[in-house]
Amino acid sequence: MWEKNKFMEMALKIAFDNMGNTSPNPSVGAVIVKNGNIISTGATLPLGSDHAEIVALKGAAGSETGYGKKLNDAEMFVTLEPCSHYGRTPPCIDAMIDSGIRRVYIPILDPNPAVTSRGVKGLRKAGIDVVMMNEFADKAADLIRPFAKLINKNRPFIINKSAVTLDGRIATKRGDSKWISSDCSRYLTHKLRAKVDAVIIGRNTFVKDNPSLNVRIDSFDRSVKEYFINDRIRFLGRKNFFLESLINAELKDFRDPLRIVIGIPDEIDFDYNLFSDRNYILFAEEKQFSRLKKDDRDKLNVIILKGETPREEIDFVLNELKKRNIMLALLEGGGGISGRFLDAGEIDQFLYFISPRVLGEGIPPLKAAGCDMVSQSLKLHDISAAMIGDDLLYCAYSRSYEIEDASYL
């Protein structure tokens with residue numbers, strides 16, 4: 001059994017390593033094994049291209065056109081139930097059946113209620129043995145939470161990341177925030193940016209901090225990278241596969257996320273870091289946009305923000321991001337825009353770096369409407385934590401992931 005566990009662990013690592021390249025499809029990993037030997041692996045390709053299972057099958061066959069008899073009696077380990085329906089690509093199970101694969105190991109069913117269990121049933125109907133590796137269900141679920149929200153609620157998954165003091169401040173009363181967290185915590189933030197499709201901030205953060213919002217892993221000292229390589233991290237609470245992989249993985253191939261600013265200043269300075277390339281979007285109210293100089297308006301990537309209430313505006317932003325195949329977005333603040341997302345019920349995961357500092361009066365991470373009673377507050381779930389140097393990284397979700405019961409299959 002330990003060998004089977006090893007192969008599924010490998011498939012999960014492949015899936016994590018490829019996160020950030022597949023949206024709006026989930027990142028899936030596949031490993032094909034024959035006679036105890038790995039003969040091929042696969043990761044889901046960008047939108048419209050092959051899924052992980054097909055990549056692995058083609059790799060095993062050494063051909064772009066067929067699989068032949070080479071895979072008779074082989075086994076496949078895949079991190080998500082294979083698809084059984086036509087979308088942008090044909091059903092994966094058809095190719096798996098044709099390949100001669102005799103057994104498939106799966107940790108979790110597809111979260112789409114319209115298709116869940118159909119892949120398993122289709123494979124079994126064709127005579128392929130399907131084994132549910134339930135012991136890996138939690139790990140697989142940690143990787144596909146964003147896809148589950150997108151497919152079931154038509155909304156991107158939002159991670160609210162913040163660096164806060166022990167008394168819950170993200171900046172002093174005068175707005176200074178550099179630096180609340182440690183170099184190691186900021187390095188981990190850049191690794192996180194490499195895994196998301198977009199980074200979101202508000203107007204005030206854009207004006208005050210002039211952030212770049214890109215991935216600058218190579219800008220950190222070697223000592224910071226070695227801190228993670230030497231495995232000094234202490235984990236607490238629930239084992240979270242996404243969090244532990246983020247901390248432990250050495251990132252090699254990645255791209256910068258789309259940069260999103262909600263709200264614009266009265267005047268635009270094109271020397272701001274945001275405008276280093278065209279990979280950004282500004283959401284602006286029409287009256288804000290109309291006040292700008294015409295020459296400036298013509299140069300900007302702007303979407304006019306619509307909605308009668310803050311909640312409707314957030315809903316509009318998320319709809320626009322979904323149109324652009326954004327599945328996972330990192331909300332980096334500040335407190336005003338993060339509070340609006342909280343009030344709209346659209347923060348799915350909280351990642352807070354809690355620093356051993358105390359500011360007293362200052363700016364909170366969430367300027368939200370609040371509630372009158374503790375019993376009315378948002379209760380978080382699936383709690384994990386890690387010590388990153390002197391900082392405590394606290395990870396929690398707005399809701400638990402409900403793993404589909406496969407015992408009836």
Side-chain angles (χ1 to χ4, degrees), residues 6-33 38-60 64 76-83 87-89 92 95-96 104-108 110-112 119 133 136-151 156-157 159 188-199 214-215 217 228 240-258 279 324-330 349 401:
K6 178 183 68 175
F7 298 139
M8 184 56 74
E9 290 279 7
M10 179 180 292
L12 287 165
K13 183 180 184 304
I14 291 170
F16 172 81
D17 288 344
N18 199 41
M19 284 187 72
N21 299 314
T22 66
S23 296
N25 290 334
S27 182
V28 175
V31 176
I32 297 178
V33 177
I38 297 171
I39 60 174
S40 183
T41 64
T44 300
L45 297 178
L47 182 65
S49 299
D50 291 336
H51 294 180
E53 299 94 322
I54 306 302
V55 174
L57 288 171
K58 288 180 176 179
E64 293 293 322
M76 179 183 287
F77 295 77
V78 60
T79 59
L80 181 65
E81 177 185 14
C83 67
R88 293 181 176 89
T89 59
C92 287
M96 294 167 71
V104 178
Y105 294 88
I106 303 167
I108 196 169
D110 193 313
N112 184 351
M133 297 187 74
F136 287 95
D138 281 340
K139 291 183 177 183
D142 286 338
L143 296 184
I144 65 163
R145 288 176 189 255
F147 174 69
K149 183 186 180 187
L150 188 71
I151 202 69
F157 188 94
I159 302 174
L188 190 57
T189 295
H190 282 264
K191 293 177 73 174
L192 180 60
R193 286 179 183 173
K195 292 298 176 185
V196 303
D197 304 311
V199 177
N214 55 6
V215 182
I217 289 176
F228 291 91
N240 184 304
F241 185 75
F242 173 79
L243 181 63
E244 294 187 11
S245 297
L246 181 70
I247 289 172
N248 292 324
E250 183 178 358
L251 302 188
K252 296 178 181 178
D253 298 323
F254 53 83
R255 56 178 177 76
D256 288 329
L258 177 67
N279 187 36
R324 288 159 176 77
N325 295 323
I326 301 299
M327 180 169 64
L328 176 58
L330 183 62
Q349 182 179 0
Y401 186 91

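Fair warning: this is a prediction, and the values are worked out from it, not measured in the lab.
Of the possible donor and acceptor atoms, none in the side chain of Thr41 sits under 3.5 Å from a partner among the backbone N and O of Val31. The backbone N or O of Ala140 sits nowhere less than 3.5 Å from a side-chain atom of Thr79 that would complete a donor-acceptor pair. Although no hydrogens or angles enter the test, the distance criterion places a donor-acceptor pair under 3.5 Å between the side chain of Lys191 and the main chain of Ile247. Distance alone, capped at 3.5 Å, places no donor-acceptor pair between the Asn18 side chain and the Ile14 backbone. In this structure, the side chain of Asp256 engages the main chain of Val215 through a donor-acceptor pair within 3.5 Å. Using modelled atom types, one side-chain atom of Glu81 and one backbone atom of Asp110 make a donor-acceptor pair closer than 3.5 Å. At least one donor-acceptor pair under 3.5 Å links the side chain of Asp197 to the backbone N or O of Met327.
With sequence neighbours left out, Tyr105 forms a side chain to side chain donor-acceptor pair (under 3.5 Å) with Glu75. Qualifying ring pair (Phe, Tyr, Trp, His ring centres under 6.0 Å) partners for Phe254, counting only residues two or more places apart in sequence or in other chains: none. Listed by chain and number, the residues in a salt bridge (charged side-chain N to carboxylate O under 4.0 Å, His left out) with Lys195 amount to none (sequence neighbours excluded).
If you check the side chains of Asn25 and Thr44, you find no donor sitting under 3.5 Å from an acceptor.
In this structure, CG on Asp50 lies 3.5 Å from NZ on Lys58, to the nearest 0.5 angstrom. To the nearest 0.5 Å, the span separating CG on Leu330 from CG on Leu192 amounts to 4.5 Å. With rounding to the nearest 0.5 Å, the separation of CZ in Phe16 from CG in Leu251 is 6.5 Å. Atom CG of Asp17 sits about 8.0 Å away from atom OG of Ser245, to the nearest 0.5 Å. A distance of 9.0 Å separates OG in Ser23 from CG in Leu47, rounded to the nearest 0.5 Å. Atom CG of Asp142 is separated from atom CD1 of Ile108 by 9.0 Å, given to the nearest 0.5 angstrom.
Looking at heavy atoms from C-beta onward, Pro26 lies in side-chain contact with Leu80 at the 4.5 angstrom threshold. Between Ser40 and Val55 there is no side-chain heavy-atom pair separated by less than 4.5 Å. Between Arg145 and Phe242 there is no side-chain heavy-atom pair separated by less than 4.5 Å. Side-chain contact between Met76 and Leu57 is present, with at least one heavy-atom pair separated by less than 4.5 Å. Looking at heavy atoms from C-beta onward, Val28 lies out of side-chain contact with His51 at the 4.5 angstrom threshold. You'll find the side chain of Ile38 reaches within 4.5 Å of the side chain of Met10, heavy atoms only. Counting only heavy atoms from C-beta outward, the side chains of Leu143 and Leu12 approach each other to under 4.5 Å. Using a 4.5 Å heavy-atom cutoff, the side chains of Leu150 and Phe157 are not in contact.
Closest heavy-atom contact between Thr22 and Ser27: OG1-N, 3.5 Å. Minimum heavy-atom separation, Ala56 to Ala30: CB-CB, 4.1 Å. The shortest heavy-atom contact between Val196 and Val199 is CG2-CG2, 4.3 Å. Counting all heavy atoms, side chain and backbone alike, Cys83 lies closest to Glu53 at N-OE2, 4.4 Å.
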Residues Lys149, Tyr401; criterion side-chain contact (heavy atoms from CB on, under 4.5 Å); working and verdict:
CA-CA 10 Å; Lys149 183 186 180 187; Tyr401 186 91; over 6 Å; no
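Counting heavy-atom neighbours within 6.0 Å of Lys13 NZ, excluding the residue itself, gives a total of 12 or less.
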